[in-house]
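All values below were derived from every heavy atom in this structure, side-chain atoms included, with hydrogens, water molecules and symmetry-related copies excluded.
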Amino acid sequence: MSVCGNIYKNERRRSCISRCNFEFRTHWAAVVLFVEAVCCLAADISSRHKSVTLRRRAQSSNRTEAQTGVVILVPFYGWITKILDCTFVLRGFGHQWTDKYPLCAAAAGSDGTMKRQVLLLVLSILCFHPVFGQVSYSVPEEMARGSLIGNIAEDLALDVRRLRAGKARIYTGDSAQYIELNRERGVLLIKEKMDRESLCRQDAPCALHFQITLENPLEMFPVTVEITDINDNPPVFHENERRFEISESAVIGSKFMLDQAIDADIGLNGLQGYKLKPSDSFNLKLHSQSDGSKKVEMILQKPLDREKQEHLSLVLTAEDGGNPQLTGTMQIHVTVLDANDNAPVFSKPVYEAKITENSPVGTLVTKVSATDADKGSNGDVTYVIGKTMNAYSKLFHVNTDGEVTLNGPVDYEKDKKYHIDIEAIDQGGLSDSCKLIIDVIDVNDNSPAINMISTTSAVPEDSDLKTVIALMSVNDPDSDVNGRVQCVIHENIPFQIKGTSNNYYSVMTDGELDRESASEYNISVSCSDEGVPSLSSSVTLTLQISDVNDNPPVFERSSYEAYIVENNTPGLSIFTVRATDADWNQNARVSYILEDSSVNGVSVSSYVSVSADSGVVHAVRSFDYEQIKDFEFRVKAQDGGSPPLSSNVTVKILIQDQNDNPPQVLYPVQTGGSLVAEMVPRSADVGYLVTKVVAVDVDSGQNAWLSYKLQRATDRPLFEVGLQNGEIRTIRQVTDKDAVKQRLSVTVEDNGQPSRSATVIVNVAVADSFPEVMSEFTDFTQDKEYNDNLTFYLVLALAVVSFLFITCLVVIISVKIYRWRQSRVLYHSNLPVIPYYPPRYSDTLGTGTLQHVYNYEVCRTTDSRKSDCKFGRAGSQNVLIMDPSSTGTMQRMQSEKSILDEPDSPLEVRMPF
């Protein structure tokens with residue numbers, strides 16, 4: 001058989017002793033010759049001799065473990081996997097078994113490597129078929145529970161930890177589970193005893209097909225376990241004995257049909273032949289049938305003589321090919337009758353018919369016909385159905401006219417074809433037989449069966465497209481279009497179903513998922529066949545969408561404004577910011593954070609604080625409207641997701657004014673060392689403007705609206721004060737009875753709640769001349785020692801004033817020169833010019849009723865609540881300052897008047913007393 005061995009059998013070298021051992025089956029001989037031819041070609045190129053010896057080894061039931069190496073394809077047959085030391089595993093296309101072929105082809109020196117490379121190169125060039133394979137095992141039937149089948153983890157190249165983590169399990173569909181998976185060891189074990197005859201009957205090969213499924217991610221591996229037959233069933237006849245009545249005139253060669261024996265085993269263990277003893281009058285003849293069985297006929301080989309022997313006893317033995325061999329026997333009793341020399345003959349040896357499944361009992365299948373050349377009773381033919389171990393004979397009935405009718409239910413899914421032997425027997429015992437083949441026509445009577453292999457109860461909302469959420473198998477036992485199934489998802493949801501192969505389907509995502517829009521889906525999968533009418537089945541999958549932190553918190557408003565009254569208590573709750581998050585659970589838990597910023601150079605955290613859980617904004621300090629009127633800050637809302645998402649909002653706090661400041665009197669100025677008096681001539685008319693009380697309030701709004709009231713007068717009313725403007729005017733003509741000295745008390749009150757006030761004393765002198773005024777004010781306390789030294793002080797004051805005048809003159813000239821030089825420098829240097837404000841200029845930022853300091857100018861307003869002022873000449877031309885220690889003359893006062901800046905400025909007079 002070895003081509004290479006025949007060529008080089010005489011040229012074997014001592015250093016190159018190698019063997020090529022192949023393990024193959026008979027129908028793979030072509031593969032062996034192909035490999036041998038390649039060996040020869042490699043040897044020819046390298047000019048090295050080698051010996052190849054082929055040795056066929058008996059197939060073992062134990063599975064040989066293989067270490068996968070290089071894959072080499074053999075056209076039309078399969079592929080060879082290189083293992084170690086020229087050992088190859090041969091796998092067949094479309095077959096469920098694997099054979100090993102150890103091939104050791106080596107030569108001395110470095111040529112061995114070259115041979116192996118040439119061999120692989122030649123095989124690779126000739127390979128053009130794609131490689132497909134699956135894990136297959138072969139075990140004998142009737143193995144005890146717990147017996148080892150194989151190491152599935154090693155054969156699938158999977159880690160045992162992957163089996164445990166992926167919750168590996170066996171999926172068999174609707175079939176019973178005879179095999180179990182040990183995840184801890186990664187092996188397949190026998191779960192229940194398997195009887196090949198019960199599982200597959202006469203089908204060969206007999207195999208269990210199932211899948212190993214894994215989760216996270218979902219994976220599925222097909223596995224096939226072939227159940228090999230053992231010789232555990234002997235051949236069995238339907239009846240233990242058979243009786244024949246044969247006419248003595250039966251001619252040699254007359255045929256008598258015998259019952260077939262049934263052996264549930266297959267192959268060599270199945271029925272192999274029959275023996276008939278004694279065989280002197282009859283012998284056996286076997287006829288192969290289209291269904292693979294053999295029809296047994298007993299042939300008369302010598303004439304019968306009733307007078308010599310009326311009864312014959314024979315034993316028919318059926319034998320199988322197992323080891324040890326099993327047999328079954330049937331007794332045959334022959335009664336020799338008188339002459340009936342013509343046997344019935346069927347019109348044709350094989351009849352064919354068709355019947356639709358689920359046909360009612362009594363349906364006519366076909367009609368068979370046999371004729372007998374004899375006449376009378378010897379020509380009457382009776383039809384019977386041959387008895388076998390199969391239950392087919394009970395499903396059909398044949399009457400005396402040869403009509404075969406249905407006697408029971410037929411199901412296409414159980415049996416697609418029936419083979420029935422019909423025997424025609426005349427009254428003399430002669431018979432003939434024919435074969436009736438009945439094809440069952442399928443009808444669409446089975447709905448698709450949906451089996452869930454693996455499902456996922458929840459997926460995150462950010463899952464990728466085509467994420468598999470369920471694996472399922474759909475099986476319709478009907479045939480052709482009746483068994484062709486289509487599965488769809490009718491609802492408008494982001495899922496689709498896709499068929500993979502062999503009626504397996506996967507349900508996967510077909511769009512973006514959003515838990516905030518839909519947190520749960522009920523996926524209804526409907527599977528229908530293409531039969532008429534169509535049958536369908538459906539299953540509903542419930543899928544939860546788990547949350548992902550994809551939504552930031554959202555504030556209820558785009559910005560916030562809140563008000564708080566000044567002089568608040570620290571820790572006071574101002575208001576609450578609130579944000580919502582559309583996510584769920586931890587991802588929706590919102591925390592509030594005060595963003596770092598500054599207000600007037602001070603951190604905003606020293607002004608307010610924000611509660612992290614509730615968003616309540618608290619005042620940290622007591623606010624003063626006169627210092628700060630409003631300020632802004634930002635609050636960040638952050639969820640608890642990972643990574644967290646956040647959003648910001650601007651909050652503006654407006655501080656409301658509170659009447660916490662009393663009015664302040666700017667004029668007349670209250671001095672502690674001198675007495676200021678306003679002079680009113682006795683000839684003054686009614687409404688004569690004496691003076692004006694000027695006051696401001698640093699509060700705002702109505703808290704700064706001021707009103708003036710005259711509280712007390714020294715005589716009957718001579719003066720009144722304007723309620724809004726504070727102007728003091730005469731309300732009648734001055735008379736001689738009016739005292740020269742008038743002391744007025746004016747109260748300035750704001751409009752706050754409660755109101756605050758201030759009181760100012762205004763001294764008025766009613767006189768036409770200064771001597772009259774001085775004579776009236778002689779009651780003031782005089783310091784005698786001061787009067788004695790008045791002249792000294794006047795001289796000293798004059799000297800000091802002269803010195804100050806000269807000093808000021810020098811300073812003014814120096815300043816003018818300095819400014820002129822600075823202006824020249826700035827002009828050439830392009831430096832910015834800073835405006836100069838007078839030293840007495842002041843601005844209260846609009847918080848009071850008086851916009852500028854009253855600089856000894858009379859400012860009249862018609863209404864303190866309005867912002868328009870009228871500037872005019874003072875109502876009184878003279879201001880009298882009475883100081884008990886002052887001395888001077890009217891001329892001095894006139895000279896002092898000339899140094900005032902404004903012509904309407906009041907006079908400051910010091911009179912000696």
Check: Does the Glu357 side chain pair with the main chain of Val443, one donor and one acceptor, at a distance under 3.5 Å?
Finding: yes
Check: Less than 6.0 Å separating the ring centroids of Tyr171 and Phe210?
Finding: no
Check: Taking all atoms of both residues into account, what is the closest heavy-atom pair of Ala168 and Arg183, and its distance?
Finding: O-NE, 2.6 Å
Margin query: Tell me whether Lys416 at atom NZ has more than 12 heavy atoms from other residues, nucleotides or ligands lying less than 6.0 Å away.
Written below: yes
Item checked: Beyond-backbone contact of Ser247 with Leu430, side-chain heavy atoms, under 4.5 angstrom -> no
Notebook entry, point to check: Excluding sequence neighbours, so at least two apart, what forms side chain to side chain contact (heavy atoms under 4.5 Å, CB included) with Glu245?
Noted result: Thr335, Leu337
Next item on the list: Go through the side-chain N and O atoms of Asp372 and Gln427 and say whether any donor and acceptor fall under 3.5 Å apart.
Entry: no
Notebook entry, point to check: Between the side chain of Arg196 and the main-chain N/O of Ala264, is any donor-acceptor distance below 3.5 Å?
Noted result: yes
Next item on the list: Please determine if Glu530 and Arg484 form a salt bridge, counting it only when a charged side-chain N lies under 4.0 Å from a carboxylate O.
Entry: yes
Notebook entry, point to check: Side chains of Asp476 and Asn482: do they bring a donor and an acceptor to under 3.5 Å?
Noted result: no
Check: Stepwise, does the salt bridge (charged side-chain N to carboxylate O under 4.0 Å, His left out) test hold for Asp439 with Lys354?
Finding: CA-CA 5 Å; Asp439 291 319; Lys354 295 182 179 180; 5.7 Å; no
Margin query: Is it the case that the side chains of His397 and Thr405 hold a donor-acceptor pair, with the cut-off being a distance below 3.5 Å and no angle test?
Written below: no
Check: Do you see a donor-acceptor pair shorter than 3.5 Å between the side chains of Glu413 and Asn446?
Finding: yes
Notebook entry, point to check: Near Asn240 CG, under 6.0 Å, is it more than 12 heavy atoms from other residues, nucleotides or ligands?
Noted result: no
Check: When you measure from the side chain of Glu297 to the backbone N and O of Leu284, does any donor-acceptor pair fall under 3.5 Å?
Finding: no
Notebook entry, point to check: Of all residues at least two apart in sequence or in a different chain, which pass the ring pair (Phe, Tyr, Trp, His ring centres under 6.0 Å) check with Tyr412?
Noted result: none
Note to self: Are there over 12 heavy-atom neighbours, none belonging to Lys367, within less than 6.0 Å of that residue's NZ?
What the structure shows: no
Check: In Å, rounded to the nearest 0.5 Å, how long is the span from OG1 of Thr500 to CG of Leu471?
Finding: 7.5 Å
Note to self: Main chain of Ile450, side chain of Asn475: is a donor-acceptor contact present, judged purely on distance under 3.5 Å?
What the structure shows: no
Margin query: Pairing donors with acceptors under 3.5 angstrom, does anything connect the side chains of Tyr383 and Asp401?
Written below: no
Item checked: Salt bridge Glu423-Arg242, side-chain N to carboxylate O under 4.0 Å -> yes
Next item on the list: Would you please classify the geometry between the Tyr351 ring and the Phe346 ring as parallel, tilted or perpendicular, with 30° and 60° separating the classes?
Entry: perpendicular
Next item on the list: Determine yes or no for a side-chain-to-main-chain donor-acceptor pair under 3.5 angstrom, with Ser537 supplying the side chain and Pro448 the backbone.
Entry: yes
Next item on the list: Taking all heavy atoms of Ile227 and all of Met194, pick out the closest pair and write down the distance.
Entry: CD1-SD, 3.8 Å
Margin query: Please report the interatomic distance CD(Gln325) to CG(Leu268), rounded to the nearest 0.5 Å.
Written below: 11.5 Å
Notebook entry, point to check: So do the side chains of Leu436 and Thr366 get within less than 4.5 Å of each other, counting heavy atoms only?
Noted result: yes
Notebook entry, point to check: For Leu326, does its backbone N or O pair with a side-chain atom of Asp320 as donor and acceptor, under 3.5 Å?
Noted result: yes
Notebook entry, point to check: Ignoring hydrogens and geometry, is there a side-chain-to-backbone donor-acceptor pair from Asn269 to Asp229 under 3.5 Å?
Noted result: yes
Checklist line | Passing candidate, side chain to side chain contact (heavy atoms under 4.5 Å, CB included) with Ile170, options Leu188, Leu208, Ile152 | finding: Leu188
Check: About how many Å separate OG1 of Thr172 and CD of Gln177, when rounded to the nearest 0.5 Å?
Finding: 5.0 Å
Margin query: Side chains of Gln211 and Tyr504: any donor to acceptor distance under 3.5 Å?
Written below: yes
Check: What residue pairs, at least two apart or across chains, pass salt bridge (Lys or Arg N to Asp or Glu O under 4.0 Å) with a residue in residues 262-278?
Finding: Lys275-Glu319
Check: Is there a side-chain contact between Val345 and Asp432, using heavy atoms and a 4.5 Å cut-off?
Finding: yes
Item checked: Rounded distance (nearest 0.5 Å) linking atom CD1 of Ile246 with atom CG of Leu300 -> 7.0 Å
Margin query: Testing the basics here: between Pro140 and Thr228, what is the closest heavy-atom pair and its distance to 0.1 Å?
Written below: CA-OG1, 3.0 Å
Next item on the list: Taking all non-hydrogen atoms of both residues into account, name the closest pair between Tyr137 and Gly150 and its distance.
Entry: CE2-CA, 3.7 Å
Checklist line | Side-chain donor/acceptor of Thr224 to backbone N/O of His209, under 3.5 Å | finding: no
Margin query: Is the ring pair Tyr274/Phe237 parallel, tilted or perpendicular, if the boundaries are 30 and 60 degrees?
Written below: tilted
Notebook entry, point to check: Donor-acceptor pair, Asp426 side chain versus Gly379 backbone, under 3.5 Å?
Noted result: no
Item checked: Sidechain N-carboxylate O distance under 4.0 Å for Asp415, Arg201 -> yes
Next item on the list: Check for a donor-acceptor pair, side chain of Thr542 on one end and backbone N or O of Asn522 on the other, with a separation under 3.5 Å.
Entry: no
